[in-house]
Peer 1: 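Before we start, here is the structure in question, set down as structure tokens.
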Amino acid sequence: MDAVWFEWTAFILFGVVGLIVSGHALLYKREARSALLWLLVVWFLPVLGAVLYLLIGINRLQRRAQRLRDATALPPAAEQIAGEDQTELLADDDLGGLARLVQQVTGQPLLAGNHITPLVNGVQAYPTMLDAIAQARHSIALATYIFDRDGIGDQFVQALLAAQQRGVSIRILIDDVYVRLVRGSAFRFLKAAGLNVVSFNPPVLPARLHAANLRNHRKLLIVDGQIGFTGGMNIHRPYWRPENPATAFRDLHFHVRGPVVRHMVETFTDDWYFTTGERLDTRFWGEEGPQPAGPALARGIEAGPDETLDRLRWVFLGALNVARQSVRIWTPYFVPDQSLLAALSAAALRGVEVDILTPVENNHPLVQWAGRAHYWQVLEHGARIWERPGPFDHSKLMVVDSHWVCIGSANWDARSLRLNFEFNLEVYDTALAQHLEALFQAARREATLVTAAQLRERPLPIRLRDGAARLFSPML
């Protein structure tokens, strides 16, 4: 009798928990496919499915962020240096409409007077960043997902230590997943050396499974509140191989000067306050805000799984909808959702030249398999996909009509667009756009065009593998 009672109790408990978890997924998962996937996991993996959902399926960070973020955390000088929104300077109706869309999505003004310099690969980016750290007078703010202790990381460690000895105030933010899971992280060494370094979103549970999502994927270096660096590049050994440069990872990073650095300041200030409760103000950033430095109109786009959810997806959709001649997308991970697939296809059907450049091999096979399972949906409508061989290419770039660019840390996958904290810049600067398009075209000349026939001719097990990986796209 006791055994029967226990079985019925367990059965009823499992049913109640399953119903509660299923109800949460049905109410709060924005994509039907994601909700369906979680329902299958919950009911086909009794107990384990519910546990997995509770650990990694619920966005706890959104409520935490809303509770902790506070407008008063922003530096008082921010409003003084904001300037007026410059959307009206865009004579082109399409670009003006895109600028208004992004303003509505982000709440940030489009700022004039910026200069953005592309830095190609670690060989250009790291020396420029290190030189900026060496020139710092009063503050350095650094946010990164990966910060290695050895290799190029050691040069950054030594530069930061030297800056601290000069009296420079330093704040370093490293994502917790990398800090805890990789022995080569510089986090513990930096902390032991007395630098002010913290990890973003440390887990509540020892298992740390819920921290696999909700990562701070932003790359920000801000020196004296005046100049900034952002893009896709971590402080990571594979990007710096002076003994064999041809094998180093490839990426794009950007040196930023001008009022838009203020948006980088705001983003770091928010993240630091979220993590530590310390409000960084003009005592850290300096009384004088970033000064005009060039011709570019630019705006920072802060995005993440909190109140800033879906910002970048709206930006990408808006840019695809206004494109008239060309769209160039350079991304290491191409796993777009149905709305982006439809927008890419619609642009190609309108006669826009749509080119997507991605690596032949990347560091996350499951993501690549899922991406290839989507290829046919854009190829059949006239878009082109190119796969670049050689060292892993982590570059992230979107150029529209050789006039508008979007640069930063975000990839074209659900992890970047819905699960990670990202930072991008939209820039209206024809000279910069044409320069970046030339870089894109040079990389494309090394790549191979993917055809629908090649996809169909792949062995059936490979196609089934990719199709199965696609089912997990909402989590990748």
Peer 1: Quick one: does D429's side chain have a donor or acceptor within less than 3.5 Å of a partner on H403's backbone?
Peer 2: no
Peer 1: Any donor-acceptor pair under 3.5 Å linking the side-chain atoms of Q434 with those of S402?
Peer 2: no
Peer 1: For N216 and N420: C-alpha separation, side-chain torsions, deciding distance, then whether side-chain hydrogen bond (donor to acceptor under 3.5 Å, both in side chains) applies.
Peer 2: CA-CA 6 Å; N216 194 327; N420 285 347; over 6 Å; no
Peer 1: When rounded to the nearest 0.5 angstrom, what distance separates OG1 in T106 from CH2 in W314?
Peer 2: 14.0 Å
Peer 1: Does NZ or CZ of R149 come closer than 6.0 Å to the centre of the six-membered ring of F189, within 45° of the ring's axis?
Peer 2: yes
Peer 1: Please give me the minimum heavy-atom distance between A323 and V327, naming the atom from each residue.
Peer 2: CB-CG2, 3.5 Å
Peer 1: Between R100 and Q103, do the side chains contain a donor N or O and an acceptor N or O under 3.5 Å apart?
Peer 2: no
Peer 1: Go through the side-chain N and O atoms of T269 and W285 and say whether any donor and acceptor fall under 3.5 Å apart.
Peer 2: yes
Peer 1: Whether the E266 and Q108 side chains hold a donor-acceptor pair (N or O, under 3.5 Å, no angle test) is what I'd like checked.
Peer 2: yes
Peer 1: Please lay out, stage by stage, how F200 and F421 fare under the test ring pair (Phe, Tyr, Trp, His ring centres under 6.0 Å).
Peer 2: CA-CA 10 Å; F200 181 88; F421 288 87; 5.2 Å; yes
Peer 1: Among all residues two or more places apart in sequence or in another chain, which pass the side chain to side chain contact (heavy atoms under 4.5 Å, CB included) test with E361?
Peer 2: Q368
Peer 1: Do S416 and E422 meet the criterion of a side-chain donor-acceptor pair at a distance under 3.5 Å?
Peer 2: yes
Peer 1: Whether the side chain of Q226 engages the backbone of E288 through a donor-acceptor N/O pair (distance < 3.5 Å, no angle test) should be reported.
Peer 2: yes
Peer 1: Give the C-alpha distance, both sets of side-chain angles, the deciding distance and a yes or no for ring pair (Phe, Tyr, Trp, His ring centres under 6.0 Å) between F156 and Y126.
Peer 2: CA-CA 9 Å; F156 275 86; Y126 291 145; 5.7 Å; yes
Peer 1: So, taking the atom named CG in L190 and the one named CD1 in I172, what distance separates them when rounded to the nearest 0.5 Å?
Peer 2: 5.0 Å
Peer 1: Is R328 salt-bridged to E353, cutoff N-O under 4.0 Å?
Peer 2: yes
Peer 1: Could you state the interatomic distance from OG1 (T230) to CG (L425), rounded to the nearest 0.5 Å?
Peer 2: 6.0 Å
Peer 1: Quick check: F249 with H394 (ring centres under 6.0 Å apart)?
Peer 2: no
Peer 1: Quick one: list whatever passes side-chain hydrogen bond (donor to acceptor under 3.5 Å, both in side chains) with S339, sequence neighbours left out.
Peer 2: R313, D337
Peer 1: Rounded to the nearest 0.5 Å, what separates atom CG in L436 from atom CG in L252?
Peer 2: 7.0 Å
Peer 1: Does a donor on one side chain and an acceptor on the other come within less than 3.5 Å for N234 and Y239?
Peer 2: no
Peer 1: In chain order, what residues pass the salt bridge (charged side-chain N to carboxylate O under 4.0 Å, His left out) check against R283, with sequence neighbours excluded?
Peer 2: D281
Peer 1: Mind telling me whether Y333 and F392 have parallel, tilted or perpendicular rings, with 30° and 60° as the class edges?
Peer 2: tilted
Peer 1: Could you list the residues that satisfy salt bridge (charged side-chain N to carboxylate O under 4.0 Å, His left out) with R257, not counting sequence neighbours?
Peer 2: none
Peer 1: Can any side-chain N or O of H263 pair as donor or acceptor with the backbone N or O of G300 at less than 3.5 Å?
Peer 2: yes
Peer 1: State the NZ-CG distance between K219 and L142, to the nearest 0.5 angstrom.
Peer 2: 12.0 Å
Peer 1: Taking atom types as modelled, is there a side-chain donor on Y145 or H236 under 3.5 Å from an acceptor on the other?
Peer 2: no
Peer 1: What verdict does the salt bridge (Lys or Arg N to Asp or Glu O under 4.0 Å) test give for E387 and R444, after you've listed the backbone C-alpha separation in whole Å, the side-chain angles of each residue and the deciding distance to 0.1 Å?
Peer 2: CA-CA 8 Å; E387 291 189 337; R444 195 185 70 171; over 6 Å; no
Peer 1: Taking salt bridge (charged side-chain N to carboxylate O under 4.0 Å, His left out) as the definition, give me every residue that meets it alongside E446, ordered by chain and number, with sequence neighbours left out.
Peer 2: R250, R388
Peer 1: Taking atom CG of D148 and atom CD of Q155, what is their separation to the nearest 0.5 Å?
Peer 2: 12.5 Å
Peer 1: Could you walk me through whether I329 and L344 pass the side chain to side chain contact (heavy atoms under 4.5 Å, CB included) check?
Peer 2: CA-CA 10 Å; I329 296 168; L344 287 163; 3.6 Å; yes
Peer 1: Mind telling me whether W412 and F316 have parallel, tilted or perpendicular rings, with 30° and 60° as the class edges?
Peer 2: parallel
Peer 1: Kindly give the heavy-atom pair with the smallest separation between P259 and P292, and that separation in Å.
Peer 2: CD-CA, 3.9 Å
Peer 1: Taking side chain to side chain contact (heavy atoms under 4.5 Å, CB included) as the test, write out the residues that go with R324, two or more places apart.
Peer 2: D94, R350, D401
